[in-house]
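Below is one structure, written out as structure tokens; the observations come after it.
Atoms within a ligand are numbered from 1 in the order they appear, just like the ligands themselves.
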Amino acid sequence: MEFSIAPLKALTALRSDCLVVFLQQSAEGCGLPDAEPVDALIAQARQDGDFTGALGHTHMLSRPAALSARRLLLVGLGAAPSDARAWRKAADAAFAMLKGRPTQRVHLACAEPHQALIEAAVPAFGDFAYVYTATRKPDAEPACRVQAVQVLVPSRQVVAARARLQRAEAVRAGMQLCRDVANLPGNHCTPTDLGRIAQDLARRHKLKVQVLGRADIEREHMGALLAVAQGSHQPPRFIVLRYDGAPKKEAPHVLVGKGVTFDSGGISLKPGAEMDEMKFDMCGAASVLGAFEAVARLRPAINLVGLIPATENLPGGAAVKPGDVVTSRSGQTIEILNTDAEGRLILCDALNYAERFKPASVIDIATLTGACVIALGHVHSGLFSPDDALADALLEAGRQAHDSCWRMPLGEEYAEGLRSRFADVANIAGRPAGSVTAACFLQRFAQAYRWAHLDIAGTAWKSGANKGATGRPVPLLVHYLLAQAPGGAMSG
Ligand code: BES
Ligand code: MN
Ligand code: ZN
């Protein structure tokens, strides 16, 4: 599958399996040069009441008169001006019309602005074309038979459009990797498998990678990670990825991804319903891998470190028990009152490990709490940070990338609930504000640098008939990281 930019020439002579034209509701014609036959067809469709131009409204014409294209698909953009969400809705509607059709070569065109079309069409196509194949045969009748999509832009805009496409494609590749990894069942994605996947990614892009095993993790005194891992026969892993795009002296940005490859809850066992979805408890880790995939393709002038603590959380004879006190890498002791609050345990050791990089910023990404799903649903990821500038940068990245997050509070009043009579801190507080108290727990281990936490429990995957990973928050992370390069621009 390939996305490319082509200069807009005579529309009537274009050979295409489907020419898709995006139109404002009020537009008389398509606004493209040399397009009288197209405008005539539009006028006719409007007159016949077959096409209104309402947002997401579509009309397909077969063998359109006076065009070389086999099909013409009109797609409504609604009332002007169209925002990013409208563009995305229109792009989704366009690809939905191609479902199952023998449209291999597709062309997209609109009057203006082409940047908006590119930014919407690339991820929309990513969703449309995504198929999970790791552990099942593809459908006999694939939904997407598109092999090449070309966005038609005026010649003078080709260069700018190609730069925009390059970034959008890198994000799409990152999201795809994230989804492919995140969708893997627990028995196909153990901590060991996750380590191999990271090594493979590093090999493909010439990144540095280190995969620490149990003995290394013991040497690092990561007592909290080890406590979670001790109930499983699968050994834990601690993955360190590095991308060096700037001089060594530049402080790196660090991404930390929760890599619980299956979360049963441990001795504090979860209820059975939908427990299968806890294979997605490594979506934070998958998003770190996805961000590296995109960054490695775009090669911005930054240094980046990825940290992934990986383990299963299972009950068993050797499992950690409620009431057990363990010593984290930081030296702080933790009373594990609930073994199902394991994400914060593995993350706290990774956050402490991050100090060694003297980082410019540290962002952890985790499917951390069911409470975050209750608070924000499946719309925004939860954002927690004591640093206003960092929080604003992530909010802005989320807006730009159409992968939003919403800032949530931290604070002593919430952190008080984590007091323990038997350790320096407990791993849970009461039920209220569960996503906030979880973030407060992490904050204790993230004092040495600028830090933010993204709770992606509600945004990383979808349940129901279309169950599967979304690829979020890869777009947010990539936009944030690109903005950290000098001038916020791409290098090389
Ligand atoms: N991985 C879960 C959080 C989760 C649950 C994400 C459901 C998405 C959907 C996490 O490890 C967990 O179990 N958290 C507990 C914390 C509680 C014991 C304080 C939770 O949210 O119930
Ligand atoms: Mn849990
Ligand atoms: Zn979990």
Atom [atom1] of [X] with >12 non-hydrogen neighbours under 6.0 angstrom:
X	atom1	answer
K467	NZ	yes
R399	CZ	yes
R431	CZ	no

Ignoring hydrogens, what is the shortest heavy-atom contact between G471 and R179? Give both atom names and the distance.
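Smallest heavy-atom distance, with atoms named: N-CG, 3.5 Å.
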Does a salt bridge link [X] with [Y], judged by any charged N lying under 4.0 Å from a carboxylate O?
X	Y	value
R214	E218	no
K258	D281	yes
K89	D92	no

With a 3.5 Å cut-off and no angle check, do the side chains of T369 and S435 form a donor-acceptor pair?
no
No-hydrogen, no-angle side-chain donor-acceptor test under 3.5 Å, E277 and W461
yes
Taking 2.8 Å as the limit, list every protein N, O or S atom around the Mn ion (ligand 2), by chain and residue number.
D263 OD2, D340 O, D340 OD1, E342 OE1
Does D127 form a salt bridge (charged side-chain N to carboxylate O under 4.0 Å, His left out) with R172? I'd like the steps, not just the answer.
CA-CA 9 Å; D127 273 354; R172 180 164 76 95; over 6 Å; no
R407 side, atom CZ; L395 side, atom CG - distance, nearest 0.5 Å
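R407 atom CZ to L395 atom CG measures 7.5 Å (nearest 0.5 Å).
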Name the residues in contact with ligand 1, where contact means a heavy atom under 4.0 Å away: which are they?
K258, D263, K270, M278, D281, N338, D340, E342, R344, T367, L368, T369, G370, I428, A457, W461
Show me, pair by pair, the donor-acceptor contacts under 3.5 angstrom made by side chains of residues 413-423, not counting sequence neighbours?
{"residue": "S420", "atom": "OG", "partner": "E335", "partner atom": "OE1", "Å": "2.6"}
{"residue": "S420", "atom": "OG", "partner": "F422", "partner atom": "N", "Å": "2.9"}
{"residue": "S420", "atom": "OG", "partner": "A423", "partner atom": "N", "Å": "2.9"}

Between F292 and Y243 (judged by ring centroids, cut-off 6.0 Å), do the two rings come close enough to count as a pair?
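That pair fails the under 6.0 Å test.
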Around the Zn ion (ligand 3), how many protein N, O or S atoms are closer than 2.8 Å?
4
